[in-house]
Colleague: 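To start, I am sharing the structure in question, which I have written as structure tokens.
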Amino acid sequence: MSEMAKITANGSEIELPVIVGTENEKGIDISKLRSQSGLVTLDFGYKNTGSTTSAITFLNGEEGILRYRGYPIQQLAENSSFLEVAYLLIYGELPNQAELSEWDDSIGHHTLVHEDMKKFFEGYPSSAHPMGMLASMVCSLSAYYPESLNLNATDAEKMKTIRRLIAKMPTLVAWIYKKSKGHPFMYPTNKLDYVSNFMKMTFGYPTENYEVDPVVVEAMNKLLILHADHEQNCSTSTVRIVGSSQANLYASIAAGITALWGPLHGGANQKVIEMLEAIKADGGNSDKYIEKAKDKNDPFRLMGFGHRVYKNFDPRAQIIKSSADKILGKMGINDPVLDIAKKLEESALKDDYFVSRKLFPNVDFYSGIIYRALGFSTDMFTALFALGRLPGWIAQWKEMLDQKQPIGRPRQIYIGEKERNYVPIEKR
Ligand code: CMC
């Protein structure tokens, strides 16, 4: 007999089933609470609400554990390629050699973006934020592939839509970068691997040969893998909730991109570098900014610090921090903001304000320093996060549909005016 939780409410005792996950995580299934008691639950920011069961990513914030489909993030970041991880997230298992070759090959054959879409780029000012452009471009793909709107598409057709999006996203991100520079767009080179192709489209020129440095490919692969999924965060929950209305994949992912843009979520990676630059310009006194972050009358927050779920350390941040040293060393780059970041971290980790609130560097704290070393401009960082997160969003969207989950529609507790009569304007 499965475990039950008992709640006494409205004068009666209600029994609710306890759902147990494979890692022994437990949650009370309250889906029948309202019909049994007339009550709903209230949880601002969903801090303690499980919105779904999921077999994709396991995260234990107390112990700093992150696994995709059971595989520790450290092993994947060390040994696999981004496309291999994308396959794992979407299909549920690591591919064998034949499956991986077929997957790589098919992604390589969908990288072109419809020529007409270049006209959209023409319409944007070169100062447009990459995330606004990216969300619009991804949503616009639905116009070129109307079959993605077909709710009765076969599994093969659905997979083609998924493969198309994975293939075209790097082309779009690279073109957004080119647009910001006013440089000519580069077409994909399909014989290159995913990351090399992306780097060539971003940093190559039509008139020159572009050789991608293997150190750069390794660094980029690692960053994309570390960002590939993170269970039910703000953008992923957005993708699921938009997809639950049966909106098409492109529309659902575009919504995820806009959710990621915010500085409390993926947009933090841009804000971290801007903060570190500001500290540098202000004489490098990191202690002053620690004090500002602690001051409740000051809106300043230490960007790249704190996490809703990690309360000990963020395993992604640990990997990225050690990679930053290695990559900058191999590339012969000495970036003073890396020293400021380390000093800031050292002071914060000794400070009772941060220790007592369990605030540690998150994935965004050091990633921007690597993106910068690779040559990206600061406002591109969140688009790179989106490129990495794409397979996770897709896997979560697919899981939600495969499980035939109902449309997402939370309840509320109304705290507005009681009923009152309309007053004509001359009497107000
Ligand atoms: N600097 C200073 N104080 C902070 C910070 C910070 N970065 N983060 C949290 N706090 C304080 C906060 O003021 C609160 O203090 P008190 O209990 O005295 O009111 C306490 O810590 C708890 O914070 P919270 O805002 O209730 O926590 P949350 O779970 O709602 O927010 C967060 C999590 C990530 C939004 C928040 O830590 C934050 O704003 N961090 C900076 C932005 C950032 O780096 N975001 C990237 C997150 S990781 C990438 C991703 O996956 O999105």
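Whatever order the structure lists them in is the order used to number ligands and atoms, beginning at 1. Computed from a predicted structure; not experimentally measured.
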Colleague: Quick check: Phe121 with Phe185 (ring centres under 6.0 Å apart)?
Modeller: yes
Colleague: Given the side-chain rings of Phe58 and Tyr71, with only the six-membered ring counted for Trp, is the space between their centroids under 6.0 Å?
Modeller: no
Colleague: Is the shortest side-chain heavy-atom distance between Ile290 and Phe354 below 4.5 Å?
Modeller: yes
Colleague: So if I apply the ring pair (Phe, Tyr, Trp, His ring centres under 6.0 Å) rule between Tyr87 and each of Trp103, Tyr68, Phe82, which one comes out positive?
Modeller: Trp103
Colleague: Quick one: list whatever passes salt bridge (Lys or Arg N to Asp or Glu O under 4.0 Å) with Glu157, sequence neighbours left out.
Modeller: none
Colleague: Any side-chain heavy atom of His307 within less than 4.5 Å of one from Lys358?
Modeller: no
Colleague: Distance under 4.0 Å, heavy atoms only, partner ligand 1: which residues pass?
Modeller: Lys47, Pro263, Leu264, His265, Gly266, Ala268, Ala293, Lys296, Arg301, Leu302, Met303, Gly304, Phe305, Gly306, His307, Arg308, Tyr353, Arg357, Leu359, Asn362, Val363, Asp364
